[in-house]
Number of protein chains: 2
Amino acid sequence: MSADVAARRGIPDASVARLPGYLQALTSLAERGISSVSSEELAAAAGVSSAKLRKDLSHLGSYGVRGVGYEVDRLAYEISTALGLTQDWPVAIVGMGNLGRALAAYSGFATRGFNVIALLDRDDSLVGTPVGDLAVRRMGDLDALVRDDRLAIGVIATPADSAQDVADRLVGAGVRSILNFAPCVLDVPSDVMVRKVDMSTELQILAFHEQRRTGELDLTAQSGVEGVVAL
Amino acid sequence: MSADVAARRGIPDASVARLPGYLQALTSLAERGISSVSSEELAAAAGVSSAKLRKDLSHLGSYGVRGVGYEVDRLAYEISTALGLTQDWPVAIVGMGNLGRALAAYSGFATRGFNVIALLDRDDSLVGTPVGDLAVRRMGDLDALVRDDRLAIGVIATPADSAQDVADRLVGAGVRSILNFAPCVLDVPSDVMVRKVDMSTELQILAFHEQRRTGELDLTAQSGVEGVVAL
DNA sequence: ATCTGTGAAACGGTTCACAGCA
DNA sequence: TGCTGTGAACCGTTTCACAGAT
């Protein structure tokens with residue numbers, strides 16, 4: 001009755017999220033002149049278990065050779081194809097503060113499949129300022145970018161309080177994939193995909209574990225105690 | 001027989017990862033003068049389902065009132081305590097390239113529970129350069145930072161090829177929590193926690209879904225076809 | 001009447017263990 | 001023999017649905 005996930009070209013989300021890591025590891029292996037890997041070796045390089053790696057790759061097809069392993073170049077090509085990186089995706093970065101400028105200068109974008117075609121800022125006094133190879137443009141240019149340059153992905157690098165407004169403009173212009181660096185939740189239509197990157201969140205998760213670790217010393221003495229509340 | 005996870009103060013990883021989001025939402029509500037929320041409202045503000053929110057909060061304790069909801073300040077305090085944000089965590093950023101400088105200038109750190117106490121770079125010619133309030137220091141200062149300033153969290157903002165070396169030095173100095181912005185896997189002892197933030201990975205995940213979407217048009221005509229391979 | 005807190009069911013993802021192929 | 005590809009068991013997470021508190 002319900003649409004079978006695997007049947008409709010469906011790779012599980014968790015697998016998709018790991019494919020870039022495999023691609024990174026494969027690229028690194030290729031640079032070192034290695035042309036063939038076992039699932040064990042590639043898994044170690046990507047920081048996952050070999051069973052997980054094999055299961056992930058099985059969703060793409062059968063590109064390994066039993067008893068031998070995977071050909072590095074071939075597998076890298078297949079993963080690139082699965083991720084849609086055989087074409088270059090035009091990206092626009094919105095918000096030219098510290099973070100936005102750092103992202104604009106980041107060479108990792110161009111490395112694999114992405115092309116920063118525009119830098120935008122809501123503040124018209126910044127418009128025209130050169131940042132790297134590009135000049136800052138105004139938000140109003142968004143529609144033209146989507147129409148003429150097939151802009152597909154927007155990166156929000158603004159403060160939290162203008163992020164929703166920027167998201168609305170991106171969506172209005174036809175962008176349906178957003179990478180959000182602002183520390184807030186974006187409200188977008190259900191057909192728009194948002195991924196969030198937030199360093200405070202990551203640090204807070206680290207803090208949780210760090211705190212647990214240092215607090216452990218006091219607890220080992222009296223095990224089983226549950227009702228200890230600090231107040 | 002096996003140690004019960006929940007009994008030993010164990011909050012599930014998935015819940016911990018969402019607590020910062022709840023805290024963000026609560027802070028935002030508090031700023032708007034709202035002092036009480038239902039699980040439904042808070043869940044909407046944090047972008048999750050209300051059932052998930054309630055289950056997450058239930059791991060911290062019973063801080064809501066049935067028939068009423070949660071007191072904003074109280075819940076924010078409880079989550080802060082659970083995350084270990086009642087104390088300020090000293091953080092060092094390693095790598096003073098574009099990204100490192102942007103992170104150093106990022107005000108979001110100080111906002112909640114973190115204090116950037118040092119900026120480091122392997123390149124001694126950068127040592128002494130002022131970046132914001134701080135001057136760049138040499139890697140050799142790490143031991144002193146851990147010993148004298150209780151440095152607990154290291155942020156790696158170097159290129160990929162020096163990230164492992166930096167991680168080794170951080171671990172050697174006694175840092176056991178690392179936030180890695182370099183696009184590579186770090187090899188560290190099992191008691192060291194690493195979290196990775198990688199914008200290329202995030203963009204590649206977006207590209208996958210974007211590609212799926214545009215490819216969909218061709219597939220809708222002939223449903224159920226599985227063996228279509230682009231080669 | 002309302003909304004939290006939570007067992008129980010359903011789901012998705014991971015790990016196991018081995019059949020299948022070179 | 002060696003390593004991939006995969007059904008089946010397992011485990012953590014999410015969702016459901018309602019008992020319990022105010």
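Predicted, not measured: the structure shown is a model, and the values here were computed from it.
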Fill in the blank from the handout: Side-chain atoms of A:Ser58 come closest, of D:dG5, D:dA17, C:dT14, to D:dG5
For residues 182-191 of chain A, please give each side-chain donor-acceptor pair under 3.5 Å, one per line with the distance, not counting sequence neighbours.
none

Practice task
Check for a donor-acceptor pair, side chain of B:Trp89 on one end and backbone N or O of B:Gly84 on the other, with a separation under 3.5 Å.
Solution key: yes
Handout entry: A:Glu71 and A:Ser36: side chain donor to acceptor below 3.5 Å
Key = no
Exercise for the section: Send over the distance from B:Lys52 NZ to D:dT13 P, rounded to a whole Å. Expected result: 11 Å
Problem - A:Arg54 CZ to C:dT14 P, straight-line distance once rounded to whole Å - result: 15 Å
Handout entry: Between D:dT14 (C1') and B:Asp56 (CG): distance, integer Å
Key = 10 Å
Exercise for the section: Examine C:dC3: is either OP1 or OP2 under 4.0 Å from a nitrogen or oxygen in the side chain of B:Tyr63? Give yes or no. Expected result: no
Between protein and nucleotides 19-22 of chain D, what N or O pairs are separated by less than 3.5 Å?
from, atom 1, to, atom 2, distance (Å)
D:dG20, N3, B:Arg66, NH1, 3.2
D:dA21, O4', B:Arg66, NE, 3.4

Practice task
Check whether any side-chain N or O of A:Ser162 sits under 3.5 Å from a backbone N or O of A:Thr158 as a donor-acceptor pair, and report yes or no.
Solution key: no
Handout entry: A:Asn115 side chain vs A:Ile117 backbone, donor-acceptor pair below 3.5 Å
Key = no
Exercise for the section: Would you kindly give the CG-to-P distance between A:Asp13 and D:dT14, to the nearest whole Å? Expected result: 13 Å
Completion exercise
Residues B:Arg176 and A:Arg213: closest non-hydrogen pair is O-NH2, 3.2 Å
Problem - Donor-acceptor contact below 3.5 Å, side chain A:Glu31 vs main chain A:Ser28 - result: no
Fill in the blank from the handout: In whole angstroms, the gap separating P of D:dT6 from CG of A:Leu53 amounts to 14 Å
Exercise for the section: Take the protein atom NE2 of B:His59 and the nucleotide atom C1' of C:dG7, then report the distance between them rounded to whole Å. Expected result: 12 Å
Completion exercise
B:Leu57 CG to C:dC3 P, in whole Å, measures 16 Å
Exercise for the section: Output the residues of residues 22-51 of chain A in contact with DNA chain D, where contact means a heavy atom of the residue under 4.0 Å from an atom of the strand; sort by number or write none. Expected result: A:Ser38, A:Ser39
Handout entry: Closest to side chain of A:Lys55, choosing from D:dT4, D:dT15, D:dG7
Key = D:dG7
Problem - For atom CZ of A:Arg18 and atom P of C:dG12, their distance in whole Å - result: 15 Å
Practice task
Keeping the roles fixed (side chain from A:Ser15, backbone from A:Ile11), state whether a donor-acceptor pair exists under 3.5 Å.
Solution key: no
Practice task
Could you tell me whether B:Asp56 and B:Lys52 have a side-chain N and a carboxylate O separated by less than 4.0 Å?
Solution key: no
